[in-house]
Every structure is written in C-alpha cells, then in structure tokens.
Amino acid sequence: MAARGHVQDPNDRRLRPIYDYLDNGNNKMAIQQADKLLKKHKDLHCAKVLKAIGLQRTGKQDEAYALAQEVAALEPTDDNSLQALTILYREMHRPELVTKLYEAAVKKVPNSEEYHSHLFMAYARVGEYKKMQQAGMALYKIVPKNPYYFWSVMSLIMQSISAQDENLSKTMFLPLAERMVEKMVKEDKIEAEAEVELYYMILERLEKYQEALDVVRGKLGEKLTSELQSRENKCMAMYKKLCRWPECNALSRRLLLKKAEGKILAGEVHYSIEQAVKFIEERITEESKSARPLRGPYLAKLELIRRLRCRGCNDEYKLGDPEELMFQYFKKFGDKPCCFTDLKVFVDLLPSSQYTKFISQLLEVIPLSAAAESEVALPADIKALQQHLCVVQLTRLLGIYHAMDKKEKLTAVRELMLRYRHGLEFGKTCLKTELQFSDYYCLLAVHLLLDLWLEEGEETAVWQCLTFLEEGLSHSPSNAQFKLLLIRIYCRLGAFEPVAELYSSLDAKHIQHDTIGYLLTRYAESLGHYAAASQSCNFALRFFHSNQKDTSEYIIQAYKYGAFEKIPEFIAFRNRLNSSLHFAQVRTERMLLDLLLEANISTSLEESIKSMSLSPEEDDIPWKDLRDNRDLTVLFNWDPKDRDISEEHRKLSLEEETVWLRIRSLTLRLVSGLPTLSHAIQPKNSEKTAENGVSSKIDTIRSLLQQLEAAVDSGKKFLEQKIQYPVLGPPPTRMAGFFSNGSCQCQTSLFYLVSDIYELDTNGLEDSAEIQERIGNSFKSLIERLTDLFNKCKGDLIEVRDGTLKTQPNLLENLVFFVETISITLWVSSYCDSVLRPFKSNLQKKKKKKKESSVAMPPVFTHFLDYVTELQTLTSNVIDHIKGLEIILTALKLEELSLKDTLLLQEEKKFTKTVQGKVQSSYHHSVQEIGELLKKRLDTIKKLKI
C-alpha cells in the first residue's frame with residue numbers, strides 16, 4: 001500500500017505515518033495516528049478510511065463499515081481516498097461497493113482516463129459484463145486507444161459465454177463483437193497480437209472456421225509470434241474442424257520433421273497403413289543415426305497398432321509383433337524412469353498367456369550379479385537398477401504378484417526390501433530434497449503387504465507397512481508418495497496425530513488444498529482430534545475464500561496485458577472452485593464442529609448460530625453444480641485395470657459423498673432452527689402466527705425433517721450395494737458408521753421430539769395428555785438408543801492378542817458420534833427446558849393463589865426430570881469408560897511386545913517401535929479430547945433443572 005504514485009500534496013506527508021503503521025501490521029497505532037490527524041483536519045477523508053482499514057483488521061467490522069460509508073456518501077474524488085476505500089472494500093469482500101464509488105467519481109470527473117479504467121476493472125471484479133462493455137466504449141471515446149476498444153469487444157464475448165440462451169449468444173453478442181473487430185480491420189487499426197487472437201476466438205466461437213483459417217494464414221496472422229508454432233497449431237485446429245485431412249497430414253508431417261521428438265501421428269490417420277508404416281520406419285532409421293535417441297518413433301508403432309486394433313483393422317501385422325516391439329523398446333530405454341509409464345499404456349496388446357514369458361524375457365537382458373548362487377542377484381549400477389525396477393513395476397501391473405499365495409508374497413516383500421536397501425548405496429550423495437533411486441522397491445513391498453492386510457486380514461502386515469514407509473521416509477524425507485501412503489494407513493488405523501505433521505510436510509500449495517485436502521479433513525474430526533480438525537478446515541477455507549479475490553485480480557491482469565483467451569479460463573476456474581464438493585463439505589463440517597465445541601459451553605447456541613449467519617431456510621450448497629475436484633490418483637498405483645480405480649468408482653464415491661453431505665447439511669440447518677423456536681409463542685389455536693414468523697419456523701423444521709428422512713433413505717439404499725473401493729481409491733464416508741451405531745436414529749428422533757414439544761407449547765398443558773405421553777415415550781426410547789450407542793463404544797482401542805497388535809478404530813468413530821449425538825440431545829433438551837420452565841412457574845403461581853397444597857403436576861415434568869437424571873448418569877458412565885481407556889493406553893507397554901516376526905532386522909525394530917508409539921499416542925490424544933468435551937457437556941446437563 002505504501003508504494004503509491006508520488007503526489008505533491010501536504011496531505012500525503014500527513015498520511016505517510018498511518019500508511020507505514022498499516023503496512024507493518026501495527027493497526028492499533030494506525031487508528032491512534034488517524035484519530036490525532038482527524039482532530040486537526042476533520043475533512044481529511046482519507047484518514048477516516050485508513051482508520052476504517054485499521055478497525056477492519058482488528059476485527060471491528062461494523063465500525064469500519066460505518067466509517068467507510070460516511071466517506072463514500074460524500075462521493076470523494078481524491079485519489080488517496082478512492083484507493084484506500086478500494087483496499088478496504090476488497091478486505092471486506094464487498095467488491096460491488098467499489099463500482100458505486102467509481103460510478104460517482106466518473107460522474108464528477110467525466111474526462112478522467114484513470115477513473116474510467118478503475119470503473120471498468122471494478123465491473124470486471126463483479127462480472128458485470130454489459131456495464132464493462134459500456135465502460136470500455138466510454139473510455140475509448142475519451143482516449144481512443146486500441147486496448148480500451150478491445151476491452152469492450154471482450155466484454156461482449158463474456159456476455160455471450162455467460163448468456164443462458166445459446167441462440168442469443170450466437171445471433172447477437174458474437175456477431176456484434178465480430179462487426180466491431182471487422183471495423184478495425186477495415187480501417188487498418190489492428191496493432192497487437194492480442195487483437196488478432198480475439199478476432200480468431202470470435203470466429204471460432206461462431207463456427208466460421210474458414211474465415212478463422214484465412215485470418216491466421218493472412219497478413220494478420222503474421223502478428224501471432226509470442227507462442228512457438230502458434231500459427232501452425234491454429235491452422236491445424238481449423239483443418240481438423242473443416243475435415244481437410246490432406247492439409248492436416250501435410251502440416252503434421254512438416255512440423256514433425258522440424259521437431260523430431262513430437263507426437264507422431266497425433267491426429268487421425270488418413271493415409272494408407274503402408275504409408276504410415278513407411279513414414280515411421282524412416283523416422284526410426286534417421287533416429288538411429290542421431291546421438292540422442294528419441295522415444296517418439298518407437299512408441300508411434302505401438303500406438304498405431306493400438307489404434308488399428310480399436311478400429312478392428314487386420315493390418316497390424318505389417319508393423320510387427322507388439323511383444324517384440326515392447327521388448328526392443330525396453331532394451332533401448334529400460335534404464336530411463338519413464339520406460340514403465342511409456343509401456344504401461346500398451347500392455348493390453350499382450351495376450352495374458354504371454355505375461356510370465358514376457359517378464360522372463362525382460363529379466364534376461366538385465367545385468368544382475370549374485371555373490372553366491374543362493375543369494376539374490378543385484379544390479380551393479382543405477383542403469384541396471386532402473387531396468388530391474390521397470391520390470392518389477394510391470395510384474396505388478398500384469399497381475400503376477402496378485403496371483404501369488406501368502407508365502408510367496410512374503411518372500412517377494414523380503415526380496416523387494418533387500419533390493420531397496422541395496423539401492424540406497426547408489427544414493428549416498430543425494431540431497432535431502434532428492435528421492436532415492438530405489439524408493440519404488442519399498443513402495444511395491446508396501447503394496448504387497450496392503451494386499452495381505454486387507455484381503456487376508458493379516459494384522460502384522462499393516463504394522464510392517466508402516467515400519468517400511470517410516471524407514472523409507474528417513475532415507476528420502478521429500479518422498480510425497482511415502483507421506484501420502486502413511487497418511488492413508490494411519491487414518492485407516494484411526495491414528496490422526498502423525499497425519500497432521502505428515503500433511504503439513506507435504507507443503508500443499510494453492511489448488512492442492514482442494515485436490516488432496518480430503519485426505520486430512522475426512523478423518524480429523526471423526527477420529528476425535530477436534531483442535532487439529534479446526535485447523536485443517538481453516539487451512540482449506542482460507543484457500544477457497546482467497547480464491548474469489550485472487551481470481552478477480554488474475555482477470556484484471558489478463559485485461560491489462562491483453563491475454564483475452566485466458567479470461568474465460570479464469571472464470572471457469574473460479575466457478576469450479578466455488579462449486580467444489582470439498583468446499584461445501586469443509587464449510588458444513590466446520591460449522592458443525594464449532595457448534596460442537598462452543599454452543600452452550602462458551603457461548604449460547606443462539607449466539608453461535610448468529611455469529612455464523614446460519615439460517616434454517618437458506619441452503620447455500622450448489623447441489624446441481626457440485627464438482628468433485630479430488631485427485632483420486634494422487635497415490636502411485638501399479639494395480640492391473642480390474643483392481644484399479646475405475647470411472648464407476650469415481651461416480652459411486654461422488655454419489656456417496658453427496659448423500660452424506662446432504663445429511664450433514666440438513667442436520668446443521670435443523671440445529672440452526674432450534675433458537676428460532678424459543679422466542680415468544682402465541683397462545684394456542686393462534687394459527688395466524690405465521691405473520692410473526694414462528695409458525696413458519698416450525699414448518700421449516702418439519703420440512704427439513706422430511707428432507708433428512710429422504711436423505712437417510714438414499715444413504716441406506718446406497719449402502720445396500722456394499723461397494724468396496726480399491727485399497728488406494730477414495731476413502732468411504734462416515735455414513736456406514738452413522739447408520740450402524742444408531743446415531744442416525746437418535747438424531748432423527750431428537751428432531752421429531754422438537755416438533756412434539758412445539759405442539760405442547762402451542763396447545764398448553766390442559767388439553768395435551770396425548771402429546772405429553774408421546775413426549776414421555778420419546779424420552780425413554782432416546783435414553784435406550786443412547787445407551788445402545790454407548791455399548792457400541794465399549795472395548796479396547798488397542799490390545800495385544802497372540803503376540804500381535806490389534807486395533808479397533810471404529811470404537812473411536814463411535815465415541816465421536818456419541819459426543820455429537822449427546823450435544824444435539826442437549827440443544828434439544830435446552831429447548832424443552834425453555835418451553836417447560838414458564839409452564840412450571842405459571843403452575844406454581846396458581847398454586848400460591850389457590851393456596852392448595854396438591855395442584856396436580858402434569859406428567860411431562862416428571863418425564864423430563866427422569867430423562868435429565870438418566871442422561872446425566874449415562875454421560876458420567878461414558879466419561880468413566882473414557883478414563884478407563886486412558887489408563888489402559890498409558891499402561892500399555894508396547895516395547896515389551898515380542899512381535900511374532902523374529903526375522904525383523906534391528907533397523908526395522910526401531911521403526912516398528914516408533915510406529916506403534918505414534919498410534920498409541922494418537923489414541924491417547926483422541927480419548928483425552930473426547931473426554932474433555934464430554935465433561936463440558938456434563939456440566940451443561942447439570943444446569944437442566946426446571
């Protein structure tokens with residue numbers, strides 16, 4: 001903010017200290033300095049705005065807004081005030097106020113180029129395309145510069161993109177934009193490359209491909225110089241659209257000969273097979289003479305075979321045998337890390353009966369040497385190691401490892417770890433930020449162990465997985481794959497504590513908070529790490545909120561520098577993030593978590609809901625446009641196609657996540673509706689209370705309850721399919737646990753109880769014997785359900801059985817659900833309390849008036865008091881159970897555990913001990929946090945006395 005244009009103005013000197021304080025983050029001093037200045041110079045508007053910025057940054061938003069509006073109402077035209085207000089409104093996330101500011105400034109100073117351009121950019125921030133078009137033309141009239149004219153043209157294109165009616169877009173906006181550019185072309189006023197790009201974009205969107213081709217090949221096309229082969233690529237795109245295959249082929253050929261390592265035959269093949277084969281053979285012959293071997297020509301042969309097979313042509317024999325071609329390719333490029341990914345695409349060309357023979361053939365050409373006959377033959381250098389590693393990856397991909405029995409798999413694991421440790425010798429000089437050459441051996445060994453754990457229930461295998469990964473990470477601290485796999489396995493074991501540190505060491509940047517953030521946010525809260533859950537939600541939300549502001553700045557820069565083709569991309573990017581499934585999930589879970597930790601503990605439920613601006617009527621989740629931006633392939637995988645994550649898995653996972661999000665969102669909205677019912681209610685039979693909003697509030701609650709029932713039914717139907725995702729595929733939601741442990745039934749019945757209590761409130765005590773009985777039964781069944789839920793939380797989280805460590809992470813998830821359900825129970829009970837308390841005091845008044853000692857107490861009071869007493873007892877029992885778990889976890893001496901596998905090396909024992917310690921510590925932490933929260937809830941229960 002300090003780097004502003006130099007202004008010869010005494011006010012600038014006076015304001016300088018305030019700017020400096022704000023720049024240094026000393027907001028309180030900035031406010032004091034502004035106050036001093038305003039005492040001497042009351043009309044110094046900019047000082048007021050700078051004070052407002054200080055107030056905004058110290059959390060006094062309302063005061064800041066009032067002060068800003070005071071200045072804005074005066075319609076300032078001085079540069080300092082306008083810039084300061086712009087900064088303030090941006091920090092308030094109110095860009096629409098900036099447009100009003102500059103609209104007023106432009107009226108007062110109609111010939112200012114600066115204010116007009118600021119107005120244009122203000123419209124760009126809020127996406128007012130029509131006004132942008134007008135502002136651009138107004139600017140061009142004042143200062144006839146080409147960029148301003150083309151800003152207006154681009155705004156027309158944006159109107160066409162955002163128009164709901166495609167017909168309107170193609171008949172009005174785009175033709176108008178085309179005419180505007182043609183006018184400039186006729187007058188020979190086209191100056192910059194960006195203007196030609198814009199013309200091309202318009203013609204392409206109008207499907208005038210021939211005209212677009214003429215522009216690119218003509219005189220205007222000569223301006224397309226900033227990108228390499230920009231003209232040729234645009235010509236190619238147009239040839240394809242016009243189905244002019246001979247020209248397309250000729251241009252591809254020309255470009256390819258110019259740049260040999262290109263994608264050979266990237267487009268369709270529209271020549272005879274013989275010609276294609278001849279062309280590739282020529283390239284291979286030429287390539288064999290060059291010093292630097294190129295992969296393109298060799299892969300082109302395989303790609304051509306693959307395409308011919310897809311089309312059902314029988315001419316592939318002319319290109320050779322795929323197995324032999326892949327073998328030759330391996331011989332030439334097997335020592336390169338990319339060899340596996342190159343061949344991975346083509347393994348489908350091999351018949352399954354040839355798999356073992358093909359792998360043996362590859363192994364024969366690798367120079368491996370063994371010290372003795374019985375020992376494993378190892379590579380002597382990095383090249384041989386890379387070749388062997390490629391073969392091992394192909395072995396996994398072809399399903400050969402999957403076909404092994406348990407004993408063979410364990411032998412393979414030992415061999416892979418031996419090769420991994422041997423390979424570390426080649427990486428002794430590697431920096432900490434570099435990966436070891438043999439890291440993939442360790443990963444493959446872990447994948448085999450995961451198969452044993454999840455398919456055969458081998459519990460020791462999971463501890464070995466963690467041991468090997470921690471060992472790998474100690475040698476290769478920057479290996480993201482080790483960290484990601486550790487995160488997944490620790491989470492499956494219910495240990496979140498080590499995960500937070502691993503995730504932060506991944507140093508996720510920008511968009512990754514959306515693509516891989518789910519690995520963290522899915523488990524933090526559900527495993528009882530409430531503080532870490534708050535932190536991880538904050539990280540994600542900070543990114544999503546800043547995206548809105550940042551993208552506007554990218555769009556403005558694109559206008560300034562004429563990168564027009566990027567503007568629609570930026571807008572699509574912003575929309576995709578705003579509709580992100582993960583964003584909606586984190587927002588919902590964060591609010592539920594805040595209520596869980598604070599409502600009726602540090603603040604009342606009503607205050608908590610008000611501070612979140614929550615309303616039961618409003619649903620801000622874009623259900624129809626939800627985008628699943630998760631990167632589900634972030635973990636390396638060498639599984640065959642039938643075991644890998646498929647498109648079907650993605651669809652099912654999105655469906656599951658959406659149903660679960662709907663249940664959570666409706667729960668949040670139902671909870672947010674509770675305080676609205678607690679306000680003064682009209683006497684019975686007053687059906688017209690909708691006018692004061694209360695009757696409509698209970699209607700909202702009932703409507704939301706019906707929607708929740710529907711969402712729960714969808715969830716149950718989904719779970720009936722019993723879907724199993726691949727090991728490294730998307731993690732399942734918490735929905736299965738929510739239904740199976742009884743939390744769902746508890747929470748739903750609580751919201752039905754709200755409806756009954758409301759009915760009792762409107763009908764009064766006299767004519768409501770039936771409702772009171774219904775409420776009494778609800779209280780009883782609720783206690784029974786909560787007791788059942790508690791029974792599903794009993795058991796040891798971690799125990800030593802037959803020399804093996806067994807864990808029961810589902811007990812943790814059940815405990816977390818119990819705490820959540822108890823919290824909702826308490827919020828509903830507080831509502832019951834607020835309804836019954838006035839009734840009781842009225843009865844006592846009547847009793848005093850009549851001076852009767854025996855005014856019959858309605859049964860609902862007894863029911864409520866019994867229910868509260870039982871609730872208190874149950875919660876105390878759960879707290880005792882948690883204390884018991886803490887004692888067991890503290891007393892458990894894992895280092896004395898004699899692991900069955902005595903073959904463990906000393907190095908492995910060290911890491912096994914570390915891993916077990918981390919899991920034990922994490923469980924202890926979870927249990928502590930859950931216990932602390934339950935104690936606070938118990939204090940709330942004790943206050944429930946009518």
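Residue numbers start at 1 and run along the sequence shown.
The aromatic ring centroids of His529 and Phe496 lie less than 6.0 Å from each other.
Within a 6.0 Å radius of CD in Glu501, no more than 12 heavy atoms belonging to other residues, nucleotides or ligands are found. Within 6.0 Å of OH on Tyr725 lie more than 12 heavy atoms contributed by other residues, nucleotides or ligands. The environment of Lys794 atom NZ is dense: over 12 non-hydrogen atoms of other residues, nucleotides or ligands sit within 6.0 angstrom. The environment of CD in Gln61 is crowded: more than 12 heavy-atom neighbours from other residues, nucleotides or ligands sit within 6.0 Å. Other residues, nucleotides and ligands contribute more than 12 heavy atoms inside 6.0 Å of the NZ atom of Lys806.
A salt bridge links Glu759 with Arg774: at least one charged nitrogen is closer than 4.0 Å to a carboxylate oxygen. A salt bridge is defined here as a Lys NZ or Arg NE, NH1 or NH2 lying under 4.0 Å from an Asp or Glu carboxylate O, and Asp939 with Lys943 fails to meet this definition. Salt bridge absent: Glu497 and Lys918 never bring a charged side-chain N and a carboxylate O closer than 4.0 Å. At a threshold of 4.0 Å, the pair Arg650-Asp628 does not count as salt-bridged, since none of the basic side-chain nitrogens sits closer than that to a carboxylate oxygen. Between Arg937 and Glu932, none of the side-chain N atoms (NZ, or NE/NH1/NH2) sits under 4.0 Å from a carboxylate O, so this pair counts as no salt bridge. Salt bridge absent: Lys722 and Glu720 never bring a charged side-chain N and a carboxylate O closer than 4.0 Å.
Note that the CG atom of Leu811 and the CG atom of Leu885 stand 8.0 Å from one another [nearest 0.5 Å]. Residue Ser665 holds its OG atom at 4.0 Å from CD1 of Ile621, rounded to the nearest 0.5 Å. A distance of 8.0 Å separates OG in Ser922 from NE2 in His925, rounded to the nearest 0.5 Å. Separation of atoms CZ (Arg669) and CG (Asp620) is listed at 9.0 Å; rounding is to 0.5 Å.
For the side-chain contact (heavy atoms from CB on, under 4.5 Å) criterion with Val819, the lone passing option out of Leu934, Val878, Thr875 is Leu934. Just one residue in the list Asp788, Asn791, Asn814 forms a side-chain hydrogen bond (donor to acceptor under 3.5 Å, both in side chains) with Asn741, and that residue is Asn814. A salt bridge (Lys or Arg N to Asp or Glu O under 4.0 Å) with Glu657 holds for exactly one of Lys651, Arg734, Arg627, Arg630; it is Arg630.
Under the 30°/60° scheme for interplanar angles, the aromatic rings of Phe544 and Phe583 are found to lie parallel. Using the six-membered ring where Trp is involved, Trp660 and Phe738 have ring planes that are perpendicular, over 60° apart on the 30 and 60° scheme.
The side-chain tip of Arg662 points at the ring of Trp623 from less than 6.0 angstrom away and within 45° of straight on.
For the pair Ser526 (side chain) and Arg522 (backbone), a donor-acceptor distance under 3.5 Å is present. For the pair Glu929 (side chain) and Tyr530 (backbone), a donor-acceptor distance under 3.5 Å is present. A donor-acceptor pair is defined here as one N or O able to donate and one able to accept, closer than 3.5 Å; no such pair exists between the side chain of Thr676 and the backbone of Ser672. A donor-acceptor pair under 3.5 Å is formed between the side chain of Ser926 and the backbone N or O of Leu527.
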Item to check | Intermediate values then yes/no, side-chain hydrogen bond (donor to acceptor under 3.5 Å, both in side chains), Ser608 and Thr603 | outcome: CA-CA 6 Å; Ser608 299; Thr603 57; 2.8 Å; yes
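Of all heavy-atom pairs between Leu719 and Ala736, the closest is CD1-CA, 3.7 Å.
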